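If you read the sequence from its start, that first residue is 1, and numbering goes on from there. Because the structure is predicted, anything quoted here is derived from the model rather than measured.
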Amino acid sequence: MLVAAGFGTSIRRTFCVSARTPKTFSKWYQGLWQRSSNADPPYAHVVQVGDPVLRLVAPPIPEAELKSHEVRFLVTHLTKVMRTYKCVGLAAPQLGLSLRAFVMEFRDELRDQYSKADYANREMEPLPLTVLLNPELKVLNYEKVLHTEACESVRGYRADVARHREVLITGYDGDGSRQELTLRGWNARIAQHEMDHLNGTVYTDIMDRKSFACSCWQAVNAHQGRIKLSFASK
């Protein structure tokens with residue numbers, strides 16, 4: 001499973017690129033990192049479906065800012081939250097920021113969570129920490145494969161989702177350098193899932209609706225409904 005912005009009154013949630021981008025962007029970013037309270041993005045928690053930020057088409061990060069301290073901070077923060085939640089991918093909108101950025105990582109130790117048959121069937125293989133800024137995705141193999149996904153922004157649920165088997169993704173890495181990756185199988189699925197977040201799409205929009213299920217339904221029954229679902233990492 002793959003666990004791996006908002007119509008508000010604040011400019012922090014509705015950032016738009018303009019002709020004055022460099023100055024405006026830097027000033028806007030300074031406001032993000034100098035939070036007035038813990039309730040301001042970028043969050044240390046993952047926002048949940050229903051938050052309007054997840055339905056925005058995220059604007060690109062201005063090219064002049066790709067190597068800035070603020071963008072490096074964003075990459076570090078995304079990586080930290082992704083690892084804290086023990087998911088395999090996380091996009092900036094999921095932390096309340098409508099920007100075209102996401103991180104992915106599929107560690108080899110996750111192999112133990114799957115049977116050898118499932119690992120092979122889902123075409124899983126380790127993926128080192130990968131940063132994508134202003135990514136673009138091109139489908140290389142239009143064959144679609146159906147597997148179960150989950151998402152930290154729809155916590156507690158999962159469903160079957162059809163994804164393309166192979167994709168090419170281009171963009172900038174965490175140092176602001178151009179990169180190009182060809183991904184297959186499970187890693188291609190992670191990239192497509194995160195790209196959807198940048199385009200205002202959640203996996204529930206494209207899932208097999210009859211497969212939608214609570215991930216802990218058996219525990220709910222076993223404990224007579226006395227189950228609490230936390231939206232924090234711990």
Side-chain angles (χ1 to χ4, degrees), residues 1-5 46-58 78 82 85-94 98 100-108 110-128 130-132 134-171 179-218:
M1 58 184 177
L2 298 183
V3 285
V46 178
V47 304
Q48 295 301 301
V49 65
D51 189 322
V53 70
L54 294 174
R55 293 306 186 181
L56 296 176
V57 176
L78 276 168
M82 176 183 68
Y85 273 78
K86 299 180 180 179
C87 51
V88 298
L90 195 66
Q94 292 181 278
S98 186
R100 299 192 80 77
F102 68 79
V103 293
M104 306 183 293
E105 185 177 45
F106 190 69
R107 299 186 181 188
D108 190 49
L110 293 175
R111 182 189 300 264
D112 296 336
Q113 297 182 14
Y114 305 91
S115 67
K116 290 184 178 179
D118 279 345
Y119 197 89
N121 184 48
R122 300 184 189 193
E123 298 180 272
M124 291 175 164
E125 60 180 356
L127 177 68
T130 302
V131 177
L132 272 307
N134 295 346
E136 296 181 4
L137 186 146
K138 178 182 178 181
V139 176
L140 298 180
N141 186 334
Y142 281 86
E143 177 188 0
K144 285 195 171 183
V145 182
L146 189 71
H147 285 304
T148 302
E149 291 186 14
C151 178
E152 285 294 348
S153 289
V154 192
R155 200 162 207 204
Y157 293 86
R158 64 189 180 200
D160 294 339
V161 180
R163 300 282 188 187
H164 297 294
R165 184 182 293 278
E166 184 175 8
V167 300
L168 173 69
I169 191 161
T170 57
Q179 64 174 332
E180 179 177 293
L181 300 170
T182 297
L183 300 172
R184 288 180 49 84
W186 194 251
N187 293 337
R189 177 174 294 271
I190 298 172
Q192 290 171 82
H193 183 107
E194 302 309 328
M195 280 295 297
D196 277 354
H197 278 305
L198 304 189
N199 295 323
T201 297
V202 181
Y203 83 87
T204 51
D205 300 335
I206 58 174
M207 67 182 179
D208 176 350
R209 290 182 295 175
K210 289 188 176 180
S211 70
F212 189 58
C214 175
S215 301
C216 58
W217 66 266
Q218 292 167 307

Quick one: do His147 and Asn121 satisfy side chain to side chain contact (heavy atoms under 4.5 Å, CB included)? Show the steps, please. CA-CA 10 Å; His147 285 304; Asn121 184 48; 3.5 Å; yes

Go through it in stages, so that I can follow the logic: the residues are Leu132 and Gln179, the test is side chain to side chain contact (heavy atoms under 4.5 Å, CB included), and I'd like the CA-CA distance, side-chain angles, deciding distance and then a yes or no. CA-CA 8 Å; Leu132 272 307; Gln179 64 174 332; 3.7 Å; yes

Let's go through Val57 and Arg100 carefully: what are the C-alpha distance in whole Å and the side-chain angles of both, what is the deciding distance for side chain to side chain contact (heavy atoms under 4.5 Å, CB included) to 0.1 Å, and is it a yes or a no? CA-CA 9 Å; Val57 176; Arg100 299 192 80 77; 4.0 Å; yes

Between Thr182 and Leu168, does a side chain to side chain contact (heavy atoms under 4.5 Å, CB included) hold up when you go through it step by step? CA-CA 5 Å; Thr182 297; Leu168 173 69; 3.7 Å; yes

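Between Leu198 and Ala91, the closest heavy-atom pair is CD2-CB, 4.0 Å. Ala188 approaches Val167 most closely through the heavy-atom pair CB-CG2, 4.0 Å. The minimum heavy-atom distance linking Asp108 with Pro126 is given by the pair OD1-CG, 3.4 Å. Across all non-hydrogen atoms, the minimal contact from Tyr203 to Ala159 is CE1-CB, 3.7 Å. Counting all heavy atoms, side chain and backbone alike, Arg55 lies closest to Val49 at NH2-CG2, 4.5 Å. Taking each heavy atom of Tyr85 and Val46 in turn, the nearest pair found is OH-N, 3.4 Å.
Residue Thr130 forms a side-chain contact (heavy atoms from CB on, under 4.5 Å) with just one option from Leu181, Val103, Asn187, and that option is Leu181. Partner of Arg189 under the side chain to side chain donor-acceptor pair (under 3.5 Å) criterion, chosen from Glu194, Glu149, His164: Glu149.
The distance from atom CD1 of Ile206 to atom CD of Gln192, rounded to the nearest 0.5 Å, is 8.0 Å. Once rounded to the nearest 0.5 Å, the distance linking CG of Leu110 with NZ of Lys86 reads 10.0 Å. Remark: Leu146 CG to Thr148 OG1 distance equals 7.5 Å, nearest 0.5 Å. Here the CE-CZ distance, from Met207 to Arg158, works out to 13.5 Å after rounding to the nearest 0.5 Å. The distance from atom CZ of Arg111 to atom NZ of Lys116, rounded to the nearest 0.5 Å, is 9.0 Å. Rounded to the nearest 0.5 angstrom, Ile190 CD1 and Phe102 CZ are separated by 10.0 Å.
With Asn141 contributing its side chain and Glu143 its backbone, the two residues share a donor-acceptor pair below 3.5 Å. Panel note: side chain Glu123, backbone Arg184; no donor-acceptor pair is recorded below 3.5 Å. A donor-acceptor pair under 3.5 Å is formed between the side chain of Ser211 and the backbone N or O of Asp160.
The shortest distance between side-chain heavy atoms of Ser153 and Leu54 falls below 4.5 Å. Contact of the Asp196 side chain with the Arg163 side chain is registered, since non-hydrogen atoms from C-beta on lie closer than 4.5 Å.
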